[in-house]
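Okay, so here's the structure we're looking at.
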Amino acid sequence: MNHNLNTSNRHEEILNQIRILRTKIGKDLLIFAHFYQNEDIVRFADFLGDSLQLANEASKNKDTPYIIFCAVSFMAEMARILCSEKQEVLSPDMHAHCPLADMADINVVEDAWRQISTIDRNITPIVYVNSTAELKAFCGKNNGAVCTSANIKKIFQWAFDKKSKIFFFPDENLGRNTAYSIGIKEDDIFVWEPQGHNNPKEIKNKKIVLWKGFCYVHTAFLPSQVEKLKDQYPGLKVIVHPECLPELCAISDYNGSTSFIKKTIEGSMPDSIWAIGTEWNFVNRIAKDNPDKKIFPLTDSICTQMSQITPEKLLFILEGIAAGEKRGRITINNDISYHAKIALNRMLEIV
Ligand code: SF4
C-alpha cells in the first residue's frame, strides 16, 4: 500500500517537474508525439499525429530550436532529416527501435535491388516510412519515394505512372492490402524473402515485389476475433490498420491509417459500436474522446517499443535543455540525410 503510494507520488512529482520545465523552456521547444504514445506523454505534446501529419509538421517548422520527438527512432530520424540544421531533434529513447523497420537491412535491400534490376530496370523502389534513414536514402538515390499508410495509394499510383513495377519494403501486409485496393491480383505479386532463396526471374511478369516484413502489433489481430465479436454485438463495425493481415482487412468494414480511423469514428453515428484493430493506447484514447459510442480494441495489442518513451525519460531530456546540454541528440550522416530528404520531399510533394 505504502509502496503504491510512494510510486504514485513519485509519478506525480515527475509529471509536475515536466510541467515546470516545459513552461520554463517555453517557445524554444516543441514536443511531437505519435498517436501510439500513452497519456502521460500525449498530455505534454504540442503536436500529436500519425507519421504523415508529423512529417508535414516537422517540414514546416524551421525556427523552434529544440524538438523532442516522442516515438520510435525512425520517426525522430525523419524529423531530423526534415528540420533545419540549426534545430536540434532530441529523442527520449534512441533505442526505441520499430521491429518492422529493422526487418529491412540496407545491405540486404541493396543486394535484392541489384538482382531485381538485372531482370527489369522498369521498377521504382518505394519505402514505408517505418524504415531506417539508410533505406529512405536508397529510395532518394534510385528515383523512389517514401510513403505512409495515409498516402500509400497515391504514391503507388505515382510510381505506376512512371514505371511498370514497384519494389516495396519493409511491410508485406501494407503492400499487399494496398495492391489489392488498386486492383492488383495475387498473381501479379512476388514476395521477396530477405532470409531465403529468391528467383529474380520470377518477377518478370509481376507488377509488385513485396519485402517479407510485418508489424507484430498489427498481425496480432485475427479474423476469428471479428467473428466472435460480431456474434456478441449485432451491428458492430470493424475498422483496422492496413498493416493488419489481408484476410482480416477483407472481412473488416474499413481499413486505413490511424488518422483515417480517428476521422471515421469521430464522424460516425452516436451509439454506434466499433471494434478497432490497431495499437491499444490509440484505441483507448479514441474510446475516451468519443463517449457517445461503444469502442474497444479487437484484442489488446501494445507496441512495447512506443511505450519505451516514459515521463522519466522525457524529464531527463528537458533537464538537459534547461542545463544547456543536448541529451538524446539525433544525428544523421550528411549523405544519408541529403538523399533521404529527397525521398521524403517527393512524398510530401505528391500528396
Ligand atoms: S506499431 Fe508496429 S510498425 Fe508501429 S512502431 Fe510499433 S512495431 Fe513498429
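One-based numbering, in listed order, for ligands and for the atoms of each.
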Is the cationic atom of Arg327 (NZ for Lys, CZ for Arg) positioned less than 6.0 Å from the six-membered ring centroid of Phe316 and within 45 degrees of its normal?
yes
Closest approach of any protein heavy atom to atom 2 (Fe) of ligand 1, naming residue and atom
Cys215 SG, 2.4 Å
Shortest protein heavy-atom distance from atom 6 (Fe) of ligand 1, along with the residue and atom involved
Cys303 SG, 2.4 Å
Closer than 4.0 Å to some heavy atom of Val217 - which atoms of ligand 1 meet that?
1 (S)
Let me see the working for Lys206 and Glu202 under salt bridge (Lys or Arg N to Asp or Glu O under 4.0 Å), right down to the final yes or no.
CA-CA 8 Å; Lys206 307 287 180 182; Glu202 287 176 28; over 6 Å; no
Please state which protein non-hydrogen atom is closest to atom 3 (S) of ligand 1 and give its distance, to 0.1 Å?
Asn130 ND2, 3.1 Å
Lys NZ or Arg CZ of Lys154 over Trp158 ring: under 6.0 Å, within 45°
no
Could you check whether the rings of Trp113 and Phe167 sit parallel, tilted or perpendicular, using 30° and 60° as the cut-offs?
parallel
Could you tell me whether ligand 1 has any atom less than 4.0 Å away from a heavy atom of His34?
no
Where is the nearest protein heavy atom to atom 8 (Fe) of ligand 1: which residue, which atom, and how far?
Cys98 SG, 2.4 Å
Between Thr124 and Gly144 the two heavy atoms that sit nearest each other are CG2-CA, 3.9 Å
Using heavy atoms and a threshold below 4.0 Å, how should the contact between Glu243 and ligand 1 be classified: side chain, backbone, both, or neither?
side chain
Would you say the side chains of Asp40 and His11 form a donor-acceptor pair under 3.5 Å?
yes
Show the atoms of ligand 1 that are less than 4.0 angstrom away from any heavy atom in Pro99.
7 (S)
